[in-house]
Amino acid sequence: QAQLVESGGGLVQAGGSLRLSCAASGRAFSAYGMGWFRQGPGKEREFVAGIRWSGGGTRYADSVKGRFSISRDNAKNTVYLQMNSLKPEDTAVYYCAQSKSIDAGPITAMYDQWGQGTQVTVSS
């Protein structure tokens, strides 16, 4: 079992930036893909970004491409989500998730460990 703890959320104006962090413990971090998902008010949880075990492969939702960047530091057991040019529609609770394998795709069923979430609110 892994424990995932997100941090870095908050209130920011449109056009601003935030950096989310997710610290993992309890399972060999470097052996698994990691992902970020979000759930906005009245919406279903959706994939934001994923990164493979080695950091060598990343993928993004179309809605965040060019604005968000996912990275990981396996020495620190931490995955990051750098969010730039934020928009009000990015407002959501952001969740960190650990994959069941080395891959990190857009399907929630690929992940078996989830953090508690961190709120990101973007004002217009």
Side-chain angles (χ1 to χ4, degrees):
Q1 289 280 11
Q3 292 183 332
L4 306 177
V5 179
E6 301 97 336
S7 61
L11 174 64
V12 64
Q13 288 188 334
S17 298
L18 283 175
R19 188 194 196 201
L20 305 184
S21 299
C22 172
S25 62
R27 196 159 80 172
F29 179 79
S30 61
Y32 297 92
M34 297 294 296
W36 286 97
F37 288 75
R38 67 186 181 186
Q39 188 164 13
K43 298 181 180 180
E44 294 188 353
R45 191 170 299 190
E46 64 175 358
F47 173 77
V48 175
I51 186 167
R52 299 185 81 235
W53 66 285
S54 63
T58 59
R59 58 190 304 174
Y60 298 90
D62 288 343
S63 59
V64 307
K65 278 181 183 176
R67 301 188 298 122
F68 290 11
S69 177
I70 188 172
S71 62
R72 66 189 296 163
D73 185 338
N74 286 346
K76 295 183 178 180
N77 288 357
T78 302
V79 63
Y80 305 97
L81 185 68
Q82 178 66 44
M83 305 186 294
N84 299 327
S85 302
L86 283 161
K87 304 175 181 179
E89 50 264 43
D90 294 318
T91 294
V93 177
Y94 283 71
Y95 297 91
C96 170
Q98 189 172 62
S99 174
K100 302 174 186 177
S101 74
I102 61 174
D103 292 318
I107 310 301
T108 57
M110 294 182 67
Y111 302 83
D112 61 350
Q113 304 295 326
W114 294 83
Q116 81 289 350
T118 186
Q119 177 70 47
V120 171
T121 302
V122 184
S123 63
S124 56

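- In this structure, a donor-acceptor pair under 3.5 Å is present between the side chains of Arg27 and Gln98.
- Pairs engaging residues 28-47 under the ring-ring contact (aromatic ring centres under 6.0 Å, His included) rule: Phe37-Phe47, Phe37-Tyr111, Phe37-Trp114 [sequence neighbours left out].
- In this structure, OG on Ser85 lies 9.0 Å from CZ on Phe68, to the nearest 0.5 angstrom.
- A heavy-atom distance below 4.5 Å is found between the side chains of Leu81 and Tyr94.
- For the pair Leu20 and Met83, the minimum side-chain heavy-atom distance is below 4.5 Å.
- Taking 4.5 Å as the limit, some side-chain heavy atom of Asp90 sits within range of a side-chain heavy atom of Arg67.
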For this session: May I have the step-by-step check of side chain to side chain contact (heavy atoms under 4.5 Å, CB included) for Gln82 and Leu18, ending in yes or no?
Result: CA-CA 6 Å; Gln82 178 66 44; Leu18 283 175; over 6 Å; no
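- Note on Lys65 versus Asp62: salt bridge recorded, some NZ/NE/NH1/NH2 to OD/OE distance being below 4.0 Å.
- Side-chain atoms of Glu44 and Gln39 form no donor-acceptor pair, as typed in the model, at a separation below 3.5 Å.
- For the pair Ile70/Tyr80, no side-chain contact is recorded, criterion being any heavy-atom separation below 4.5 Å from C-beta on.
- Of the options Ile102, Asp73, Asn74, a side chain to side chain contact (heavy atoms under 4.5 Å, CB included) to Ser30 is made by Asn74 and by none of the others.
- One distance of note links OG1 of Thr108 with CZ of Arg45; it measures 8.0 Å at 0.5 Å rounding.
- When atom types are taken as modelled, the side chain of Gln3 and the backbone of Ser25 share no donor-acceptor pair closer than 3.5 angstrom.
- Listed by first and then second residue, the disulfide bond (SG atoms under 2.5 Å apart) pairs that reach into residues 34-85 come to none, sequence neighbours excluded.
- For residues 9-21, the pairs satisfying side chain to side chain donor-acceptor pair (under 3.5 Å) are Ser17-Asn84, with sequence neighbours left out.
- Salt-bridge formation is not detected for the pair Lys100/Asp112: no Lys NZ or Arg NE/NH1/NH2 atom is positioned less than 4.0 Å from an Asp or Glu carboxylate oxygen.
- Cluster annotation: Leu4 is connected to Val120 through the hydrophobic network of ILVMFWY side chains, with a link wherever side-chain heavy atoms come within less than 4.5 Å.
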